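Following: one structure in structure tokens, then a few remarks.
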4 protein chains.
Amino acid sequence: MNPSSPANLRRLPRQLRSRRRVNRILDAAAQLFAEAGFEAATTNAIAERAGISIGSLYQYFPNKAALFRALCERYERESLAALGAVLTPDLARLEIGEVVERVVAALRQSYGTNPGLLRVLFQGHPAQGQCVPHSSFREAMVHQVDGLLELRWPRLAPDRRRLVAEVCVQAADALFDLALKLEREAAHRAMDELKRLLLGYLEPLDREVA
Amino acid sequence: MNPSSPANLRRLPRQLRSRRRVNRILDAAAQLFAEAGFEAATTNAIAERAGISIGSLYQYFPNKAALFRALCERYERESLAALGAVLTPDLARLEIGEVVERVVAALRQSYGTNPGLLRVLFQGHPAQGQCVPHSSFREAMVHQVDGLLELRWPRLAPDRRRLVAEVCVQAADALFDLALKLEREAAHRAMDELKRLLLGYLEPLDREVA
Amino acid sequence: MNPSSPANLRRLPRQLRSRRRVNRILDAAAQLFAEAGFEAATTNAIAERAGISIGSLYQYFPNKAALFRALCERYERESLAALGAVLTPDLARLEIGEVVERVVAALRQSYGTNPGLLRVLFQGHPAQGQCVPHSSFREAMVHQVDGLLELRWPRLAPDRRRLVAEVCVQAADALFDLALKLEREAAHRAMDELKRLLLGYLEPLDREVA
Amino acid sequence: MNPSSPANLRRLPRQLRSRRRVNRILDAAAQLFAEAGFEAATTNAIAERAGISIGSLYQYFPNKAALFRALCERYERESLAALGAVLTPDLARLEIGEVVERVVAALRQSYGTNPGLLRVLFQGHPAQGQCVPHSSFREAMVHQVDGLLELRWPRLAPDRRRLVAEVCVQAADALFDLALKLEREAAHRAMDELKRLLLGYLEPLDREVA
DNA sequence: AATGAATGAGGTTTCATTCAT
DNA sequence: TATGAATGAAACCTCATTCAT
């Protein structure tokens, strides 16, 4: 229930007030990273948007990258919680369309708050001269979906399963990203297309493996 | 056939030598944007990689953003040419699987040279505090695919057609992006999944509309 | 017998507990100034090492410079006490070699605890844009040695005597500083050289004035 | 004849104008480091005093420490050149007093320009969390003096010779430092004391070893 | 037209000091 | 009185852009 793992924080915020403050910083960071990307979002702007001084920001986060990681982790936790709720034992017996429906609904719930952020989180950011191949956020999502797939098709080869999971996550991310760029009505229709896309991709698997 | 539209260039490069120079700049920019992203790629580094002085770079491009836009346009032209070759009259009579096969092959051809760049071009970049909703590159791709779809399913409603085109482009981009992160063998398999994904998405349309 | 002159303290620490606290702060400051120099030693680090809060530190010392001055004064008192023990009436009749021996022994005693600090104290620190020409610590040492010299050579002209005192102090400081940079054995030999140096400098005075 | 070794410079200043500029920067740095010490002298202030922009400073020196090192090296070269002129074959036959006279005169020549700097150069500065035990400047001086001593007393044990060299350099530095704090007339007399100090220290060696 | 040194606004981060609790 | 979170000025350094040569 902490806003972040200790690794990214200078000090564990024990007081209620501190926890709120950390959350305000993360909210501001989420907005600005989403608006401008990792590089262009400045720590001063984040502090200002959070309504605190730059010094306070650096009391909680040792640097910009740590702030970014903490943000990833917060969204990771939220998304995984939402997906986890879908991962029920009856998953194996449901119609595949129903599964897709539930998963997409779960994701919409997590990304609904700030869909622009999804783009930035997925992208990751260049850490210490080395470009991160998979953001930890992405990795967590893929892992979760891999679990869902295993539950559904226990006999699917792990390699293939992993690839399918990657494709699903990547495609879902892409269409959420698309929806982000459309106005309300069109965004809604884009979600329908996402379901069609996943359904068309997974249905053959159902026939192939089950 | 100019390397760029006039809007992004200071001066139309009429001389052969100038045109070559602009292309060298764009090549260098393509490499560096792909390696480091828009913000982290410095104009000085681009000029150096291009083997010219920073002053010369600014004689051709008024600023970094214009250089980026010119790069987008160049890749737009290249990709559209590749897609255009697929857009033949017999498209309407081909099996849908064959269409997908050809389109993916065409895209692989364009992106194969520098897949990392695709990421950056699609992403667009934050221009003057305003986030670009659709990169011009993306827009051009969607338009082209929209043309393909119209040729195939003339009776499909334009609105729906447009949305389907967007989904295809977005999904294809996403999976190329995925392939970029995998090693050779796995990347190859990812391309197979892309075909499966598009096929599963478009096949129902064939039955629905045709 | 207060730990510091009133000028550097916010409040005279009357309670025993307060006096102990001030001493803990000065101990911590001595360590950190010696380790890192005046600028690099942070007040927060000093407070932490002293086991108190930064707020408490500022209740006793109005700012970092005052803390430094208080530290100088404490070491002044200690060193002067050590030197004072040498300043006995029989000084005039001792062999000069014996005097040097005693003085160096006295100094080793004061500086032995934290030789690194000597460097920092002697150096003084840039106060408000104005470089301190003589640190108060240095000044006190010179004054003390001047007294020793007067006792030994009452007929030496005061001007000359003062200069000789300055030279002795400066040279002694320099060789303590040198010793600080050498390992145990070499440091010990450096102290022998210090005695030779002072002896060679002062012996001619003995013949000249006495 | 370069103002600095390549290691500390971003670009070798080939043009006359550039070389002058680098020297202006080093002059400004010498002043400010002398006035305020390494930490308190800001790169912006140095650039301003040099009459250039901060950007220009960083075109020549990659960071503050490199600027400091370049400064050390410049003074090293100057001092060593001055000392080198003393290192003549007839040194072995001269009276020891004459040798001291010459060496002190050589040093006065180098340090006369900016004696305050000597303090800072000798001190060195904390590089990368590790405190430099001997500044490279100091080391160079000691090495040079060691050479002088070898020429004079070839039969002196190398260990002892090295220690004597260290003592001479450290003591000379200390008295130059002292002179720095006195007004003209007194400073002059301090130099006389330096000669007396060195003479008293070295004369016994002459009797002992020769 | 080409060069590349020069510029300086603005980025991240530190740390002396204050003040509400 | 003690605490330590909050503050914000100011440090170092980068890099898009200009302009004298």
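Just so we're on the same page: letters track the sequence lines, and every chain starts at 1. Nothing here was measured: the structure is a model prediction, and the numbers come from that model.
The minimum heavy-atom distance linking D:L71 with D:A29 is given by the pair CD2-C, 4.0 Å.
Judged as a side chain to side chain donor-acceptor pair (under 3.5 Å), and not counting sequence neighbours, C:N44 has no contacts. Under the rule for a side chain to side chain donor-acceptor pair (under 3.5 Å), the partners of B:S53 that lie at least two apart in sequence or sit in another chain are B:S56. Taking A:R49 as the reference, A:E35 meet the salt bridge (Lys or Arg N to Asp or Glu O under 4.0 Å) condition, with sequence neighbours excluded.
Counting only heavy atoms from C-beta outward, the side chains of D:L57 and D:E48 never approach each other to under 4.5 Å. Using a 4.5 Å heavy-atom cutoff, the side chains of D:L67 and D:L26 are in contact.
When the C1' atom of F:dC15 is taken as reference, atom CD1 of B:I46 falls 12 Å away, rounded to whole Å. Atom CD1 in A:I25 sits about 15 Å away from atom C1' in E:dT13, given to the nearest Å. Atom CZ of B:R24 is separated from atom P of E:dA2 by 11 Å (rounded to the nearest Å). The nearest whole Å value for the distance from the CZ atom in D:F38 to the C1' atom in F:dC12 is 11 Å. Rounded to whole angstrom, the span from the CZ atom of A:F61 across to the C1' atom of E:dT14 amounts to 18 Å. Distance B:N63 CG to F:dT18 C1': 13 Å, rounded to the nearest Å. For the pair A:R20 CZ and F:dA6 P, the computed distance is 12 Å after rounding to whole Å. Note: CG (C:L67) to P (E:dC15) measures 16 Å, nearest angstrom.
In this pair, B:F68 and B:F38 present their aromatic rings perpendicular. The plane angle is above 60°, beyond the 30 to 60° band.
Picking from F:dC13, F:dT18, F:dC15 the nucleotide with the shortest atom distance to the side chain of B:T42 gives F:dC15. In this structure, the nucleotide among E:dA16, F:dC12, E:dA2 sitting nearest to the side chain of C:Y58 is E:dA16. Comparing E:dT12, E:dA2, E:dA6 by their nearest atom to the side chain of B:Y60 picks out E:dA2.
A sub-4.0 Å separation between OP1 or OP2 of F:dC12 and a side-chain N or O of D:T43 is present. Close to E:dA2, at under 4.0 Å from its OP1 or OP2, lies a side-chain N or O of B:R17.
For a distance-only test at 3.5 Å, the side chain of B:Q59 fails to qualify as a donor-acceptor partner of the base of E:dA1.
Using a 4.0 Å cutoff on non-hydrogen atoms, the parts of residues 48-57 of chain C near DNA chain F are C:S53, C:I54, C:G55, C:S56, ordered by number.
When heavy atoms are screened at a 4.0 angstrom cut-off, A:A45 is found touching no nucleic acid atom at all. Looking at heavy-atom distances under 4.0 Å, C:A41 makes contact with sugar-phosphate atoms alone, never a base. Base contact: A:N44 has a heavy atom under 4.0 Å from a base atom.
Among pairs with a residue in residues 54-68 of chain B, none fulfils salt bridge (charged side-chain N to carboxylate O under 4.0 Å, His left out), at least two apart in sequence or across chains.
Between atom CD1 of residue D:I54 and atom CD of residue D:Q59 there is a gap of 11.5 Å, rounded to the nearest 0.5 Å. Atom-to-atom distance recorded for D:C72:SG and D:R74:CZ is 11.5 Å, nearest 0.5 angstrom.
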Treat a base pair as Watson-Crick or G-U wobble with both distances under 3.5 Å, then lay out DNA chain E in dot-bracket form, 5' to 3', with | for cross-strand pairs. .||||||||||||||||||||
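Nearest-nucleotide assignment on DNA chain F puts the 5′-proximal partner with C:R21, out of A:R21 and C:R21.
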